[in-house]
Amino acid sequence: MEGKIFIFWNWTVAVYLFVAGVSAGAFAISALTHFLGEEKYRDVTRIGAYIAPFPLLFGLICLIADLERPQLFWKLMVTLQVHSIMSLGAWLLVVFSLLSFVYFYLWLPDRFDAAELLRRAPAGWDRFPLFRWLRTGPLLEKLRRKNLNGLRGWIAMAGIPVSLLVGIYTGVLLGALAARPFWNNPMLPMLFLVSALKTGTASICLVGCVAKGMGGMSREQIETNKFVIHSIDFFLMILSIIAVLLFVFGLYAAPRSSAEAAGLIMGGEFTFLFWGMAVVMGILLPLSLEVYELIPHFISRATMREHNPWLSGVVTLSVLAGGFILRYVVVYAGQMAKAIAT
């Protein structure tokens, strides 16, 4: 390899791509379980709604802080260029953020009812006309949670396609750069989408089956949530394996420059990170543990194994770590691949 390799996008971009995927996946899985069984899978749905807004918010803060002139980021939000992937993506993230925060509020406990919080606000706030109008006007009654809970299904329905587009967008953003052969792969958006759903599921499991499970969820709740989470996760693991293989095949089926770029993960310096960490640790290890959990139920129709929070912890942390490492490899290998191709 001749010449220097300039890395313009560092680990901050990998963090952003990862947390955007976690947010999108958590929302999509939460909305899915809401429709599968609003009462039966209420815990999964609620935890996913609580998670969805915040990883993306953290990622955007990291991304803005990494800009050369972060104070100008707002200009991207006041213009829409239909031929710019980045501009369309920025507006997509705005729509998703609004939906996820509304969804988050709709699943909060009743003690966080906005109408009650406004009524309990200090009387001195009434000197502000807008606040006085909110507290005394008819809008306050409409904001009561009992009047808004019916919107959960509508927000979930609207948010599913938006969250899936966010999961795909992180791959499209990189794939649009045709000069980068490692990124310009038609399977990259699908690889990122499946990974987003997988990490979103893992984040819900981490909070629900590990943190909350240790805090005293009933056995019935744990078993019900565990079954749906592990079943969804098992399906996504299989899709992940297929997506990884198609991504690698896509590199070899593309022009010579892409095949040379594939060498970075096929014997090159990212081989261990990609295959050992992203694939073996992030997909195959949790898949084997999922099979261990699900086999008794699906083969012999027996009850699932007794919940082990440490086993669930290994599965979720492996998936999350593997999802981040996948994006780290893609970000860095994609920038190095251009130097190989030239």
Side-chain angles (χ1 to χ4, degrees), residues 16-60 76-82 84-110 112-115 139 141-173 189-190 192-204 207-208 228-229 232 235-236 239:
Y16 160 69
L17 296 176
F18 170 69
V19 295
V22 172
S23 282
F27 189 107
I29 299 302
S30 173
L32 174 64
T33 53
H34 175 70
F35 290 123
L36 288 177
E38 181 177 355
E39 295 298 329
K40 189 175 183 181
Y41 304 125
R42 178 174 291 267
D43 289 314
V44 174
T45 303
R46 187 185 298 275
I47 292 169
Y50 290 171
I51 293 172
F54 300 106
L56 177 60
L57 181 62
F58 172 75
L60 290 173
L76 193 61
M77 316 312 304
V78 296
T79 59
L80 175 61
Q81 300 178 21
V82 294
S84 168
I85 294 296
M86 189 167 291
S87 178
L88 292 174
W91 282 95
L92 176 65
L93 295 178
V94 169
V95 173
F96 174 76
S97 297
L98 292 174
L99 286 173
S100 62
F101 273 106
V102 171
Y103 196 58
F104 165 79
Y105 170 72
L106 292 176
W107 282 100
L108 284 174
D110 289 340
F112 294 104
D113 190 319
L139 181 61
E141 187 62 29
K142 294 180 180 179
L143 289 176
R144 288 191 175 278
R145 289 291 305 281
K146 63 182 180 181
N147 298 326
L148 296 178
N149 286 344
L151 295 176
R152 288 171 175 173
W154 292 103
I155 297 297
M157 184 180 297
I160 286 178
V162 175
S163 61
L164 295 180
L165 286 173
V166 170
I168 292 174
Y169 162 70
T170 55
V172 172
L173 178 64
M190 186 56 62
F192 274 17
L193 173 61
V194 176
S195 180
L197 294 173
K198 193 157 56 72
T199 53
T201 304
S203 68
I204 294 174
V207 175
V228 70
I229 283 291
I232 293 173
F235 176 70
L236 293 173
L239 288 181

(request) Name all residues meeting the side chain to side chain donor-acceptor pair (under 3.5 Å) criterion together with Tyr50; count only those two or more places apart in sequence or in a different chain, and write none if there are none. (result) Arg46
(message) So Val19 and Leu57, do their side chains get closer than 4.5 Å, heavy atoms only?
(response) no
(request) Check whether any side-chain N or O of Ser30 sits under 3.5 Å from a backbone N or O of Gly48 as a donor-acceptor pair, and report yes or no. (result) no
(message) So, taking the atom named CG in Leu88 and the one named CG in Leu93, what distance separates them when rounded to the nearest 0.5 Å?
(response) 11.0 Å
(message) So, taking the atom named CD1 in Ile51 and the one named CD1 in Ile29, what distance separates them when rounded to the nearest 0.5 Å?
(response) 11.5 Å
(request) Please report the closest heavy-atom contact between Arg152 and Tyr103, naming both atoms and the distance. (result) O-CE1, 3.8 Å
(message) Using the rule side chain to side chain contact (heavy atoms under 4.5 Å, CB included), only one of Leu236, Val44, Leu32 pairs with Thr201; which is it?
(response) Leu236
(message) Would you compute the distance between atom CZ of Phe18 and atom OG1 of Thr170 and round it to the nearest 0.5 angstrom?
(response) 12.0 Å
(message) Rounded to the nearest 0.5 Å, what separates atom OH in Tyr169 from atom CG in Leu17?
(response) 9.0 Å
(request) Indicate the atoms forming the closest heavy-atom contact of Ala26 with Ile204, along with that distance. (result) O-CD1, 3.9 Å
(request) Check whether any side-chain heavy atom of Ile232 lies under 4.5 Å from a side-chain heavy atom of Thr33, and answer yes or no. (result) yes
(request) Kindly give the heavy-atom pair with the smallest separation between His34 and Trp107, and that separation in Å. (result) ND1-CZ2, 3.6 Å
(message) Parallel, tilted or perpendicular, judged at 30° and 60°: which one describes the rings of Phe54 and Phe104?
(response) perpendicular
(message) Please find the pair of heavy atoms, one from Pro55 and one from Val22, that lie closest to each other, and give the distance.
(response) CG-CG1, 4.0 Å
(request) Taking all heavy atoms of Ala28 and all of Leu164, pick out the closest pair and write down the distance. (result) CB-CD2, 4.4 Å
(message) Would you compute the distance between atom CH2 of Trp154 and atom CG of Leu106 and round it to the nearest 0.5 angstrom?
(response) 14.0 Å
(request) Return the minimal non-hydrogen interatomic distance between Leu99 and Ile155, and the atom names on each side. (result) O-CG2, 3.8 Å
(message) So, taking the atom named CG in Leu173 and the one named CZ in Phe192, what distance separates them when rounded to the nearest 0.5 Å?
(response) 9.5 Å
(request) Spell out, as yes or no, whether a donor-acceptor pair under 3.5 Å connects the side chain of Ser203 to the backbone of Gly200. (result) yes
(message) The test is side chain to side chain contact (heavy atoms under 4.5 Å, CB included); show your working for Phe27 and Val166 and say whether it passes.
(response) CA-CA 11 Å; Phe27 189 107; Val166 170; over 6 Å; no
